[in-house]
Every structure is written in C-alpha cells, then in structure tokens.
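Okay, structure first, notes after.
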Amino acid sequence: MSADRETNHEMTNTDIALLLAEAADGVEIGIAPTQAVIRGGRRRRARRWAVAAGAALAIVGTTGTVALAGLPGDGDGHRGAQVATHPPTTLPDSFQAEPHNTTLASGFEDGKEWDVSVDVWDAPRNVAEAQAQLTAMTESGEYPGEIREASDLIGKSAFFVSKTYDGKPSLLIHQMLSKGDRQRGTDLVSGAGGLKSSSESARLVVGRIAKTAQQVTCTWKDGTSTVLHRDPAHTYVNNGLMQAIRPAEGSPDSWFVCLAPKGTSYDTAAVTG
C-alpha cells in the first residue's frame with residue numbers, strides 16, 4: 001500500500017475498491033463454505049448460500065465461485081465510518097441510487113426481537129448512475145467486494161440480506177445479479193444459519209424463488225416441516241411479521257424466511273406448489 005493512499009483522505013471509489021480487494025487477498029476461505037455453495041446446476045436444483053458471521057461471502061454468477069466481500073464495519077455487525085467520495089451526480093428520476101429495503105420476517109424468541117430484511121440495489125444503466133450508486137454503497141457499508149470500479153456495476157443489480165437479533169445486526173449474504181437473472185419454475189436458492197449467533201445450529205432459513213411459486217416447504221432434521229404460502233396481506237402474528245413468501249421491492253424474485261423449532265435444524269427447502 002502506498003504512502004499516498006495512507007495519508008490522502010480524498011480517496012476515489014476505485015482506491016476504496018482496491019483497498020478492499022487487498023484486504024480480501026489475505027483471507028483464506030475454507031472448504032466447508034465452498035461445498036455448501038456448489039450444489040449443482042441452476043435449473044430445478046437447490047443451491048445453498050454460504051452464511052458467515054463477521055464477513056459476508058458472495059456467490060458470483062452461477063459458477064459457484066466464492067469470494068470474500070470486504071465490507072467496512074466495527075466488528076460487531078455495525079456499519080463503519082463513512083469515507084469521503086465524489087459528490088453526487090444529477091440523475092434521471094427513474095433511477096434510485098439508494099437501496100430498496102424490505103422486511104421479510106420478524107418475531108420474538110426468548111423475549112428478544114429478531115428480523116430479516118433485504119436491501120436490493122437497482123442495476124445502473126450508465127457510468128453516471130454507477131458512480132452515484134458506488135458512492136451510496138460505500139457510505140452505507142454495503143460494498144460488493146468483487147467490484148473494482150464504478151463501471152463494473154453497470155447492468156448488474158445487487159442484494160444484501162441481513163438479520164438482527166436483540167438489536168445486533170449482521171450481514172448474512174450478498175450477491176450480484178446480471179440483467180435478466182431471475183428464478184423460474186421451481187428454482188430455489190436458500191441459505192441457513194443460526195438465529196442468535198453463527199455458533200448456533202442452522203435454524204434460520206432464507207430463500208429466493210420465482211414469483212410464480214405459491215408454496216415452499218422447509219424440512220427439519222427431526223422429520224417435521226414448515227409449509228409457507230404467500231402473504232399478500234402482510235400479516236402480523238404475535239407482534240411479528242409472519243414467516244411466508246413475499247415480494248421484495250426492486251427484486252425480480254420472491255423471498256421467504258422460515259425458522260426451525262428449538263431442538264432441531266435445517267435439512268432441506270423446496271418449492272412444493
């Protein structure tokens with residue numbers, strides 16, 4: 001790293017991306033997350049997301065490649081200090097540089113509140129839109145580690161799925177998607193992890209499915225299962241947003257969240273209707 005980078009606070013977005021890339025180069029990713037990701041072809045075969053605590057793993061494209069996303073933070077799941085970037089560019093009203101946020105599910109366990117939400121970023125159409133979005137991503141802490149310069153964002157949308165338990169947020173996963181990349185038929189991409197911490201058994205399941213899918217079944221290791229349906233009414237149960245299939249603003253796909261009962265954990269998830 002050059003001395004100029006260490007002392008110059010007026011860093012460009014390209015500088016920030018290169019610094020994040022250098023940080024990621026020093027991280028070793030073990031074999032277990034890779035095995036969890038590579039689960040066969042895209043059509044009609046489930047692919048699991050790798051779930052990480054403290055650092056987010058990104059599935060890049062459809063090849064199963066895993067990369068570390070260097071997201072700035074304070075080590076407790078909170079977003080880090082903002083970095084000086086270029087001033088915002090005037091954009092057409094049809095483009096939103098900020099993410100669309102949707103709460104997918106929420107509830108209470110052991111007297112503590114939890115929720116799962118997704119931020120979906122629009123696909124920039126040109127350099128001006130990409131630059132504005134890169135600035136917003138940098139300031140928010142939701143930065144795709146594989147991006148090296150603003151133009152890399154053109155034609156690609158991004159999503160970041162996060163959970164909060166007892167007021168403590170953590171990033172579950174993020175992925176970049178090319179234009180037209182969406183779930184179809186019984187396609188399902190799902191990931192499972194602990195509700196309270198990464199060391200807990202994988203009880204919390206989050207998935208992305210086609211907008212035509214009407215039913216998802218989450219099967220648990222004790223042989224029981226939970227069947228989810230669409231919830232157009234945005235129904236609340238016991239002061240929490242019901243676990244169900246619902247759309248996410250800005251996403252071409254539908255999403256679901258299901259939580260295993262205590263004492264068991266995730267086995268499979270599938271579109272069943």
Joint hydrophobic cluster, Leu104 plus Leu259, side-chain heavy atoms closer than 4.5 Å: yes

For Val161, the option from Val120, Asp119, Leu172, Leu171 that meets side-chain contact (heavy atoms from CB on, under 4.5 Å): Leu172

Qualifying residues under side chain to side chain donor-acceptor pair (under 3.5 Å), relative to Ser117, sequence neighbours excluded: none

Shared hydrophobic cluster, Leu241 / Leu228 (ILVMFWY, side-chain heavy atoms < 4.5 Å): no

Nearest heavy-atom neighbours spanning Arg203 and Thr264: CG-O, 3.4 Å

Heavy-atom donor-acceptor pair, Ser265 side chain to Ser201 backbone, under 3.5 Å: no

Fellow cluster residues of Phe108, listed by chain then number, with links counted only when side-chain atoms sit under 4.5 Å apart: none

Nearest non-hydrogen partners of Ser199 and Ser197, listed with the distance: OG-OG, 3.0 Å

Residues which pass side-chain contact (heavy atoms from CB on, under 4.5 Å) with Ser254, listed by chain and number, not counting sequence neighbours: Ile209, Lys211, Arg230, Ile245

Sidechain-backbone polar pair: Gln131 side chain, Val127 backbone, donor-acceptor under 3.5 Å: no

Hydrophobic cluster membership, Ile173 vs Val206, 4.5 Å side-chain cutoff: yes

Residue list, side chain to side chain donor-acceptor pair (under 3.5 Å) with Glu98, at least two apart or on another chain: none

Residues that Glu113 engages under salt bridge (charged side-chain N to carboxylate O under 4.0 Å, His left out), provided they are two or more places apart: none

Heavy-atom side-chain contact between Thr103 and Val116 under 4.5 Å: no

Short side-chain to backbone donor-acceptor contact, Asp253 and Gln183, under 3.5 Å: yes

Close side-chain approach of Phe95 and Gln133, heavy atoms under 4.5 Å: yes

Side chain Arg208, main chain Trp255, donor-acceptor under 3.5 Å: no

Side chain to side chain donor-acceptor pair (under 3.5 Å) involving Gln214 - partner list, sequence neighbours excluded: none

Approximate separation, where rounding is to 0.5 Å, of Glu146 CD and Gln175 CD: 9.0 Å

Mutual orientation of the aromatic rings belonging to Phe160 and His174 [parallel < 30°, tilted 30-60°, perpendicular > 60°]: parallel

Reported CE-to-OG1 distance for the pair Met242 and Thr235, which is rounded to 0.5 angstrom: 4.5 Å

Residues in salt bridge (charged side-chain N to carboxylate O under 4.0 Å, His left out) contact with Arg246, at least two apart in sequence or another chain: Asp231

Set of residues satisfying salt bridge (charged side-chain N to carboxylate O under 4.0 Å, His left out) with respect to Asp115, sequence neighbours excluded: none

Contact check, side chains of Val237 and Gln243, non-hydrogen atoms, under 4.5 Å: no

His100-Asp122 side chain donor-acceptor pair, cut-off 3.5 Å: yes

Under 3.5 Å: donor-acceptor pair, side chain of Ser251, backbone of Ala248: no

Glu142 side chain to Trp121 side chain, donor-acceptor N/O pair below 3.5 angstrom: yes

Path from Val271 to Tyr266 over hydrophobic side-chain contacts below 4.5 Å: yes

Salt bridge (charged side-chain N to carboxylate O under 4.0 Å, His left out) partners of Asp166, counting only residues at least two apart: Lys112

Residues in side-chain contact (heavy atoms from CB on, under 4.5 Å) contact with Ala123, at least two apart in sequence or another chain: Ser157

Which residues share a side-chain contact (heavy atoms from CB on, under 4.5 Å) with Asp110, sequence neighbours left out: Tyr165, Lys196, Lys262

Minimum heavy-atom distance Met137-Ala158, with the two atoms named: CE-CB, 4.1 Å

Pair up each side-chain donor or acceptor in residues 216-223 with any protein partner under 3.5 Å, not counting sequence neighbours, and list the distances.
residue : atom : partner : partner atom : Å
Thr217  : OG1  : Thr272  : OG1          : 2.8
Trp220  : NE1  : Thr226  : OG1          : 3.0
Asp222  : OD1  : Thr224  : N            : 3.0
Asp222  : OD1  : Thr224  : OG1          : 2.6
Asp222  : OD2  : Thr224  : OG1          : 3.4

Under 3.5 Å donor-acceptor, Asp152 side chain and Arg148 backbone: yes

Under 3.5 Å: donor-acceptor pair, side chain of Lys163, backbone of Gly194: yes

Any Asn126 side-chain heavy atom under 4.5 Å of Glu129 side chain: yes

